[in-house]
Asker: 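This is the structure I want to talk about, given as structure tokens.
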Amino acid sequence: MPTYIKTYDLSKEWPPIEDIQFCMKNNFSRACAADGFNDESVIKDTLEECLKLDYGHLMIAHDGRKYTGWGLAYDKCRKEFQCYVMPRQRRKGIGSRLLKKACQIYGRVEVYSHGLSVDFYKANGLTQGEAITGNRLKKV
């Protein structure tokens, strides 16, 4: 089933409440066993800040029936990107599509990574501490 990405420029458009609820409920602060990460969520804090201050781009991934993941691209002091894909939807190219969309918006983004996301970013041609451009992404 194809994945669709809906992008919201938070400075111009407020996402539907169900999109925001999905993002707030599905992030690394849930401490899902599949995530292997049990800590307060930087991604949730950043999402809350971006929504409160109306900046950045929220990207929602869905397959036509259900949400499959989401990404957040923003320009705080540098262009950054974070994403979350539902555990059962991983390894299907959804995170790569969200990352590609962020690169289309900003040209070049830096990523926030922790243990779980390091393999994802490496698979997309990025080492920790690097910024990535759309030219370096693997083809999805």
Side-chain angles (χ1 to χ4, degrees):
M1 187 163 277
T3 296
Y4 304 95
I5 308 289
K6 171 71 176 159
T7 303
Y8 299 97
D9 179 343
L10 297 177
S11 68
K12 298 176 183 169
E13 178 180 19
W14 192 254
I17 192 67
E18 55 272 4
D19 289 3
I20 294 170
Q21 288 171 337
F22 166 75
C23 296
M24 297 305 267
K25 220 161 77 169
N26 294 285
N27 61 72
F28 294 110
S29 69
R30 276 181 62 185
C32 292
D35 294 334
F37 186 70
N38 189 5
D39 197 358
E40 286 304 310
S41 177
V42 172
I43 191 170
K44 183 177 178 187
D45 292 344
T46 306
L47 174 64
E48 288 173 346
E49 183 180 350
C50 287
L51 290 169
K52 180 180 174 186
L53 300 175
D54 296 328
Y55 73 86
H57 291 78
L58 179 63
M59 297 158 282
I60 307 291
H62 60 90
D63 66 7
R65 294 178 317 180
K66 63 183 180 290
Y67 296 108
T68 56
W70 63 277
L72 183 63
Y74 51 95
D75 188 1
K76 213 172 195 177
C77 53
R78 61 186 187 267
K79 295 170 176 102
E80 296 184 50
F81 170 77
Q82 299 179 39
C83 72
Y84 182 83
V85 176
M86 301 298 291
R88 290 185 177 183
Q89 299 298 321
R90 294 180 185 160
R91 314 246 352 121
K92 296 179 181 179
I94 296 166
S96 297
R97 297 259 330 266
L98 291 166
L99 180 57
K100 182 177 181 178
K101 189 68 165 171
C103 289
Q104 288 172 348
I105 293 167
Y106 287 117
R108 174 185 168 100
V109 294
E110 293 186 30
V111 296
Y112 173 80
S113 65
H114 56 75
L116 181 66
S117 62
V118 170
D119 290 340
F120 165 70
Y121 292 123
K122 282 183 184 176
N124 279 287
L126 182 69
T127 59
Q128 242 173 334
E130 279 186 312
I132 193 163
T133 65
N135 294 335
R136 295 204 36 218
L137 289 176
K138 70 178 185 180
K139 301 294 181 217
V140 289

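Remember, it's a predicted structure, so these values are computed and weren't measured experimentally. By convention here, the first residue in the shown sequence is residue 1.
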Asker: Heavy atoms only: give me the nearest Leu98-Ala61 pair and the separation to one decimal.
Answerer: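 Nearest heavy atoms, Leu98 then Ala61: CD2-CB, 4.3 Å.
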Asker: Would you name the heavy atoms of Phe81 and Gly71 that are closest together and state the gap between them?
Answerer: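 Answer, listing the atom of Phe81 first, then Gly71: CE1-CA, 4.3 Å.
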Asker: Salt bridge (Lys or Arg N to Asp or Glu O under 4.0 Å) with Glu49: which residues, sequence neighbours excluded?
Answerer: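 For Glu49 the salt bridge (Lys or Arg N to Asp or Glu O under 4.0 Å) partners, ignoring immediate neighbours, are Lys76.
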Asker: At what distance, to the nearest 0.5 angstrom, does CD of Gln89 lie from OG1 of Thr3?
Answerer: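 Gln89 atom CD to Thr3 atom OG1 measures 7.5 Å (nearest 0.5 Å).
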Asker: Between Tyr74 and Tyr55, which heavy-atom pair has the shortest distance, and what is it?
Answerer: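 Heavy-atom minimum between the residues: CB-CE1, 3.9 Å.
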Asker: I need the Glu80 CD to Thr46 OG1 distance, nearest 0.5 Å.
Answerer: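 Answer rounded to 0.5 Å: 7.5 Å.
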Asker: Applying side-chain hydrogen bond (donor to acceptor under 3.5 Å, both in side chains), can you list everything that pairs with Lys79, at least two apart in sequence or on another chain?
Answerer: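 Lys79 satisfies side-chain hydrogen bond (donor to acceptor under 3.5 Å, both in side chains) with no residue once adjacent residues are dropped.
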Asker: List the atom of Ile105, the atom of Met59, and the distance in Å for their closest heavy-atom pair.
Answerer: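 Heavy-atom minimum between the residues: CD1-SD, 4.4 Å.
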Asker: Applying ring-ring contact (aromatic ring centres under 6.0 Å, His included), name anything that partners Tyr4, two or more places apart in sequence or on another chain.
Answerer: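 Here the qualifying residues are His62.
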Asker: Got a list of side-chain donor-acceptor pairs under 3.5 Å for residues 10-22, not counting sequence neighbours?
Answerer:
from: Ser11; atom 1: OG; to: Asp9; atom 2: OD1; distance (Å): 2.7
from: Asp19; atom 1: OD1; to: Tyr67; atom 2: OH; distance (Å): 2.4
from: Asp19; atom 1: OD2; to: Tyr8; atom 2: OH; distance (Å): 2.8

Asker: For residues 56-70, pull every pair meeting salt bridge (charged side-chain N to carboxylate O under 4.0 Å, His left out), keeping only residues two or more places apart or in separate chains.
Answerer: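 Checked against salt bridge (charged side-chain N to carboxylate O under 4.0 Å, His left out) - neighbours excluded - the pairs reaching residues 56-70 are Asp63-Arg65, Asp63-Lys66.
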Asker: I want to check something: taking the side chain as every heavy atom from C-beta on, are Arg97 and Lys101 in contact at a cut-off of under 4.5 Å?
Answerer: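 No - every pair of side-chain heavy atoms lies 4.5 Å or more apart.
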Asker: Show the nearest heavy-atom pair for residues Tyr106 and Gly56, with the distance to one decimal.
Answerer: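 Taking Tyr106 first and Gly56 second, the nearest heavy atoms are OH-CA, 3.9 Å.
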Asker: If you round to the nearest 0.5 Å, how far is SG of Cys23 from CG of Leu72?
Answerer: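 One finds 8.5 Å between CG of Leu72 and SG of Cys23.
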Asker: Is any side-chain heavy atom of Leu58 closer than 4.5 Å to a side-chain heavy atom of Trp70?
Answerer: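 The answer is yes, as the side chains (C-beta and beyond) meet within the 4.5 Å cut-off.
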Asker: Just verifying a value: how many Å separate Leu47 CG and Lys52 NZ, rounded to the nearest 0.5 Å?
Answerer: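 It comes to 13.5 Å.
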